[in-house]
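One structure is given here, and the rest of the page talks about it.
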Number of protein chains: 2
Amino acid sequence: MRFESYDCSRGCPVEAALERIGGKWKGVALYHLLEGTKRYNELKRDVGNVTQRMLTKQLRELESDGLIVRKVYPVVPPHVEYSLSEKGRTLEPILLALRDWGESYV
Amino acid sequence: MRFESYDCSRGCPVEAALERIGGKWKGVALYHLLEGTKRYNELKRDVGNVTQRMLTKQLRELESDGLIVRKVYPVVPPHVEYSLSEKGRTLEPILLALRDWGESYV
DNA sequence: CAGTATCCCCCTAGATACTG
DNA sequence: CAGTATCTAGGGGGATACTG
């Protein structure tokens, strides 16, 4: 048969993946990071209507999941850059597929 | 450039797509419906550790988003079948990509 | 079998203000 | 510039019991 069945009672890969990128602003943030490294405020502008608190929170989760890299330059004023990690870059096909689907079917 | 930028302040396609499939049990439910039409309890077993209340709720949302079809046979005992709609079937590449990513990178 | 009906907790997420 | 700190509302989500 074409699709194998999974016992999701103790971890399903689809569920696991969505837990990583399904946060309210995570997908959009990751998507915009496909363009390249961005500073905090740049990313905030791109993501749009998000509060600082929430963006910071979601970025920290993405970081601790190893999907993005946060680089701090110890200067005044602060300079922080976000970029996709190797692992984060593997999400590219998914993010582009989500974008295309969103454009076509929503 | 490879990726166009989107103003997400009033609707971003990635965000829109994730709003449809990002619910806690939606991805898994959709994924299992790739296998074909299922009855309620069958789907519930497949999805795993979900309560009836939540599964019903998420299925109703998927239905009102036009991603799944709910067919009720007016018999006793009740018989209800769920299946992917045309639109829902367009999610197949995304669901498979999520599964593959989840298997490899989580 | 395939749901409702209740009750309730807690976490998500927003608003606002403050800061190294 | 890139964040904390604090407070708060709202609803997502669980447990349990009941039903046509």
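What's counted below: heavy atoms across the whole structure, side chains too, no hydrogens, waters or symmetry copies. Just so we're on the same page: letters track the sequence lines, and every chain starts at 1.
Here chain B contacts DNA chain C (any atom closer than 4.0 Å to a heavy atom, that is under 4.0 Å), and the contacts span C/dC1 to C/dT6 from 5' to 3'.
Looking at heavy-atom distances under 4.0 Å, A/Tyr73 makes no contact with the nucleic acid at all. Note on A/Gln58: only backbone sugar-phosphate atoms sit closer than 4.0 angstrom, heavy atoms only; bases stay farther off. B/Arg39 comes within 4.0 angstrom of the backbone, heavy atoms only, and of no base.
Look at NZ on B/Lys26: it is 11 Å from C1' on D/dG12, rounded to the nearest Å. In this structure, CH2 of B/Trp25 is placed 15 Å from P of D/dG12, rounded to the nearest angstrom.
Contact annotation: the side chain of A/Leu84 never approaches that of A/Leu91 to less than 4.5 Å [non-hydrogen atoms, C-beta and beyond]. Taking 4.5 Å as the limit, every side-chain heavy atom of B/Lys38 sits out of range of all side-chain heavy atoms of B/Glu81. In this structure, the side chains of A/Leu96 and B/Val14 stay at 4.5 Å or more apart for every pair of heavy atoms. Looking at B/Arg20 and B/Leu67, their side chains come closer than 4.5 Å, going by heavy atoms from C-beta outward. With contacts defined as side-chain heavy-atom distances shorter than 4.5 Å, the pair B/Leu59/B/Tyr40 qualifies.
Counting only Watson-Crick or G-U wobble pairs whose defining distances are both under 3.5 Å, the stems of 3 or more consecutive pairs in DNA chain C are C:1-20 with D:1-20.
Salt bridge status for B/Glu86 with B/Arg89: present, with a side-chain N to carboxylate O gap under 4.0 Å.
Residue-to-nucleotide proximity on DNA chain D shows that, of B/Met54 and A/Gln52, the 5′-proximal contact is made by A/Gln52.
Aromatic ring pairs are classed by plane angle as parallel below 30°, tilted from 30° to 60° and perpendicular above 60°; the pair B/His79 and B/Tyr73 is perpendicular.
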